[in-house]
Asker: 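Below are the structure tokens for one structure; questions will follow.
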Amino acid sequence: MKEILLNEIDGINIGNAQSLKGQTGCTVIICKDGATAGVDVRGGSPGTRETDLLDPVNFVDRIHAVILSGGSAFGLDAAGGVMQYLEEKNVGFDVTVTKVPIVCSAVLFDLVVGDYRIRPDKSMGYEACKNSEINVCKNGNIGAGTGATIGKILGPEHSMKGGLGTYAVQVGDLKIGAVVAVNCLGDIIDPKNGKIIAGALKEDGRSFANTQQIMLNRYNEKRNLFSGNTTIGTVITNGKFNKSEMNKIASMAHNGYGRTMRPAHSVFDGDTIFTMATDEVDADISTVGFLAAEVMEKAIIRAVKSAESISGRKSYKELATQS
């Protein structure tokens, strides 16, 4: 097994667009020939589009893009730009008078980081598609990870910077990768040693408060911890699978969240993972499932380690230089 770039999966293009003033952005994954897809929504506060279509009982069996976006529910508007771009390229489900692009989306909450009046919209979604023509994989403060933050149980002043991460591998002719915007309520854990590497900070601004311990100490307090959460991602493979299998792979990919986020899938997170398959290589679903968790795990860690400090929120990099 060797590491590759996400854009080395044939038929896939990835692009980002963002606003530094708004501290928000979006990331699009395009498959013009159509991809078999699935989804698994685990968090209790999701913001999504076209997830029902991915139920195996429903008719359309291929999608043309997934867009991950900041801006909370406002950010779902960015999918309109993807629709416009793909229709201009004659990409989509043929309805005789035109082709209707099938575009799935999930959003995260980042309105409190920059200027809340600036959100990913149709024009930003279109810009991300144009940038996908260059097809460059980037990590950190870009795309949907621009305004992503982590460790918010003590409020935004104690949180740290999250970001966008990508990671992909190849085994023989099988390729699989993940892209994820890390914006969780909880802390980020290094699976190798179980230690917190980023999350809620104590008053000293350098040591970790430990989100799960705080929650245990306050177990009898029913509080609304909604302060800007949700981690959203997509797993992409060149394997051959049907919709049912892609939904199962999305479910298994959530193990990557569980290994790296404490806690994951809280009622205040909208944690969502899409899956896309270009249907080129025969592959075992269980093997691809555990690989999906592996690449998601590593993409999450890369997102956090690639992020830069913004708006008073320290990054992993900044803490590392202080230690």
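Sequential numbering from 1 along the given sequence is applied to the chain's residues.
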Asker: Heavy-atom count around Lys317 NZ within 6.0 Å, excluding the residue itself: above 12?
Answerer: yes

Asker: Using the salt bridge (charged side-chain N to carboxylate O under 4.0 Å, His left out) criterion, which residues pair with Glu294? Sequence neighbours excluded.
Answerer: Arg259, Lys298

Asker: With sequence neighbours excluded, what pairs up with Tyr126 under the side-chain hydrogen bond (donor to acceptor under 3.5 Å, both in side chains) test?
Answerer: Glu88

Asker: Return a table of donor-acceptor pairs under 3.5 angstrom between the side chains of residues 3-15 and protein atoms on other chains or two or more places apart.
Answerer:
residue	atom	partner	partner atom	Å
Glu3	OE2	Arg302	NH1	3.2
Glu3	OE2	Arg302	NH2	2.8
Asn7	ND2	Asn135	O	2.7
Glu8	OE2	Leu5	N	2.9
Asn13	ND2	Ser132	O	3.0

Asker: Does anything in residues 193-202 pair up under side-chain hydrogen bond (donor to acceptor under 3.5 Å, both in side chains), and if so which pairs, sequence neighbours excluded?
Answerer: none

Asker: Considering residues at least two apart in sequence or located in another chain, which fulfil the salt bridge (charged side-chain N to carboxylate O under 4.0 Å, His left out) criterion with Asp77?
Answerer: none

Asker: Scan side-chain atoms only and decide if Ser19 and Arg119 contain a donor-acceptor pair under the 3.5 Å cut-off.
Answerer: no

Asker: If every non-hydrogen atom of Lys99 is compared with every non-hydrogen atom of Asn90, which pair is closest and at what distance?
Answerer: CD-O, 3.3 Å

Asker: Could you note down all residue pairs passing side-chain hydrogen bond (donor to acceptor under 3.5 Å, both in side chains) where residues 231-244 supplies at least one of them, sequence neighbours left out?
Answerer: none

Asker: Applying side-chain hydrogen bond (donor to acceptor under 3.5 Å, both in side chains), can you list everything that pairs with Glu133, at least two apart in sequence or on another chain?
Answerer: Tyr85

Asker: With sequence neighbours excluded, tell me which residues meet side-chain hydrogen bond (donor to acceptor under 3.5 Å, both in side chains) with Thr36.
Answerer: Arg62, Asp279

Asker: Keeping to residues at least two apart or across chains, list the side-chain hydrogen bond (donor to acceptor under 3.5 Å, both in side chains) pairs with something in residues 161-179.
Answerer: Asn139-Thr166

Asker: Quick one: salt bridge (charged side-chain N to carboxylate O under 4.0 Å, His left out) partners of Lys122, sequence neighbours excluded?
Answerer: none

Asker: If we only count heavy atoms from C-beta on, is the Cys31 to Thr278 side-chain gap below 4.5 Å?
Answerer: yes

Asker: Atom NZ of residue position Lys314 - does it have more than 12 heavy atoms of other residues, nucleotides or ligands inside 6.0 Å?
Answerer: yes

Asker: Only pairs under 3.5 Å count here: list side-chain donor-acceptor contacts from residues 21-30, not counting sequence neighbours, and write none if there are none.
Answerer:
residue	atom	partner	partner atom	Å
Gln23	NE2	Leu20	O	3.0
Thr24	OG1	Asp110	OD1	3.4
Thr24	OG1	Asp110	OD2	2.8
Thr27	OG1	Asn16	OD1	2.6
Thr27	OG1	Ala144	N	3.0

Asker: What residue among Met160, Arg313, Arg206, Glu157 forms side-chain contact (heavy atoms from CB on, under 4.5 Å) with Leu201?
Answerer: Met160

Asker: Hey, does the side chain of Thr146 reach the backbone of Gly143 with a donor-acceptor pair shorter than 3.5 angstrom?
Answerer: yes

Asker: Can you list, by chain and residue number, the hydrophobic cluster partners of Met252 when the side-chain cut-off is 4.5 Å?
Answerer: none

